[in-house]
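Worksheet: one structure, shown below.
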Amino acid sequence: MNELLRTAIIVEHDVFAVRQRGREVAAAIGLEGQDQIRVATALSEVGRQLLARLGPVAVTFEAVTDPVDSLAVSASAPVPADGEVLKRLLTEIDGARRLMEAWRIDEAPDRVTVVMSRGLPANAPALTADRIAELRVELERLQPSQPVEEFVLQNQQLLAALQEVQGHRDQLLRLNEELEETNRGVMALYNELSAELEETNRGVVALYAELDDRSAKLRDASEAKTRFLANVSHEMRAPVTAILGLVRLITDPGSDPLTDEQRTQLDLIGGSAQDMLHRVNELLDLAKAESGRLEPVPTEVDLSAVFGALRGTMRSLVSRPEVEVVVEEPVGLPPLITDEVMLTQVLRNLMTNGIKFTLRGEVRLVARNAGGDRLHLVVSDTGIGIPADEQERVFEEFYQVRGGAHRGVVGTGLGLPYARSLVTLLGGELALTSTEGKGSTFTVSLPVRVPT
Ligand code: ADP
């Protein structure tokens, strides 16, 4: 126990003396001005109440070092016979609790003790054993002053406290004014912003109206184009079919004999007509897919069988020994319910492209479970690849990568847009990754069940 000073409150006058002691001890130990008054006030308030209700009060000042350096003051008085009295007393002194940092009530059978403490500020000298011994000597030398002096001092302290409160109030008023000023500024800014926002909003609304208008026009134009494609291809199919029929008739073994020259020319006419019919059919397919008149017919698809058929037809298309067609056997996949004809068309289309644009290496078809009820059907090749800036454009109608024709490859530029339309109809997506000179990979991501 590092007791610093012990004193008592026997009669009412002693309250003043003890208050003064409290302030002196607090000052000596290193507490700052406001805290000295807090300690003195708490102690005199507790002392006064204990004396009035319970009797003589023993007061002890102690230097505490654990957990932090602080001053502890305890005021102890005899326990009253009536428990109610103590209870009331403890509520009454509770107000003083706010003045101290720590506050404890010890109730022994015969005495009740209020222990209050406050920590020392960082700049106070540390409470070493030497320092505590020094404090004891210093405090012993202090003479108790007269109650009147303490009373005058107390009044001064009260005045000082009042001034501080007044100061706080002035500061509060100033802050309030500043706040009002700021509020006015914010309101002005807000009004300005609101006006600007309104203006912007009007602009956006107008822009949207224009956008809607343009979208409608674009839709109309797109529909007109689809109708045109459908009409033209339909109208062209009849004469082309007629040419083919006539060529077949003339070259029939039962018909009049032809010279070799005539036969060669007729074969050329037949070949061109066949080629034209193929292109016209492609146009018609695309027009149908885009017009929304094509509806998927979902059935459970035997992917293994589809792959088997593709393996056969695609291999027959390869004309170079340096190119291999690999169709991996699909395994471990969930049942697939989709339009088999459309799916086959898409895969055939992608693989034909792969074969067309691959000079050596392989064209590969793989099916993978993509999770989340989706399948990935991946067609990859080790061909010429597609430049990054043209990878989106190849899905546009009639688009062909620049320089493609020079490589002696023929086509219409309708295959990929058609494949993408079909995949969309099946509820999926068609994506492309490609590196020029290395190859391309087309991924058909399909739901395992075509949405209806
Ligand atoms: P087509 O093949 O009839 O020209 P597509 O729409 O199928 O039309 O393809 C458009 C263009 O995209 C092709 O002309 C070609 O330039 C490019 N392309 C398509 N597939 C591949 C591929 N696997 N490798 C390289 N280029 C490709």
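We count ligands from 1, going down the list as the structure has it; atoms in each ligand are counted the same way. In this text the structure is predicted, and so the values were computed from the model without any measurement. Atoms considered below: every heavy atom in the structure, side chains included; atoms not considered: hydrogens, waters and symmetry mates.
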Using 4.0 Å as the upper bound for N to carboxylate O, is an ion pair formed by [Y] and [X]?
X      : Y      : result
Glu32  : Arg118 : no
Glu392 : Arg420 : yes
Asp220 : Lys217 : no
Arg184 : Glu181 : yes

Element-labelled atoms of ligand 1 that are located less than 4.0 Å from some non-hydrogen atom of [X]:
X      : result
Ile386 : 18 (N), 21 (C), 25 (C), 26 (N), 27 (C)
Val401 : 16 (O), 17 (C)
Tyr399 : 10 (C), 11 (C)
Lys356 : 1 (P), 2 (O), 3 (O)
Pro417 : 6 (O)
Gly385 : 25 (C)

Heavy atom under 4.0 Å from ligand 1: found in [X]'s side chain, backbone, both, or neither?
X      : answer
Leu416 : both
Asp381 : side chain
Phe395 : neither

Under the rule for side-chain contact (heavy atoms from CB on, under 4.5 Å), what residues qualify as partners of Thr259, not counting sequence neighbours?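 side-chain contact (heavy atoms from CB on, under 4.5 Å) list for Thr259, sorted by chain: Glu261, Gln262.
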
Tell me every residue that passes side-chain contact (heavy atoms from CB on, under 4.5 Å) with Gln171, counting only those two or more places apart in sequence or in another chain.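 Testing Gln171 for side-chain contact (heavy atoms from CB on, under 4.5 Å), a comparison that skips the adjacent residues, returns His168, Arg174.
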
Polar contacts were defined as any N/O atom of the residue lying under 3.5 Å from an N/O atom of the ligand; does this apply to Gly415 and ligand 1?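 Between Gly415 and ligand 1 (N or O atoms, distance only) the closest approach is under 3.5 Å.
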
Do any N/O atoms on Gly413 end up under 3.5 angstrom from N/O atoms on ligand 1?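 Yes; the residue has a nitrogen or oxygen that sits under 3.5 Å from a nitrogen or oxygen of the ligand.
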
Determine whether a donor-acceptor pair (N or O, by modelled atom type, separation under 3.5 Å) exists between the side chain of Gln36 and the backbone of Ala26.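 Flag not set: sc Gln36 to bb Ala26 has no pair under 3.5 Å.
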
Counting neighbours of CG on Asn281 that are heavy atoms of other residues, nucleotides or ligands and sit closer than 6.0 Å, is the number greater than 12?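 Check passes, neighbour count above 12.
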
Run the contact test for [X] against ligand 1 with a 4.0 Å cut-off on heavy atoms, strictly below, and give the result.
X      : answer
Tyr418 : no
Gly383 : no
Glu390 : no

List the steps, then state whether side-chain contact (heavy atoms from CB on, under 4.5 Å) holds for Asn2 with Val64. CA-CA 7 Å; Asn2 294 316; Val64 175; over 6 Å; no

On a heavy-atom basis, I'd like to know which of Asn353, Thr441, Thr352 is closest to atom 20 (N) of ligand 1.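 Answer by nearest heavy atom: Asn353.
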
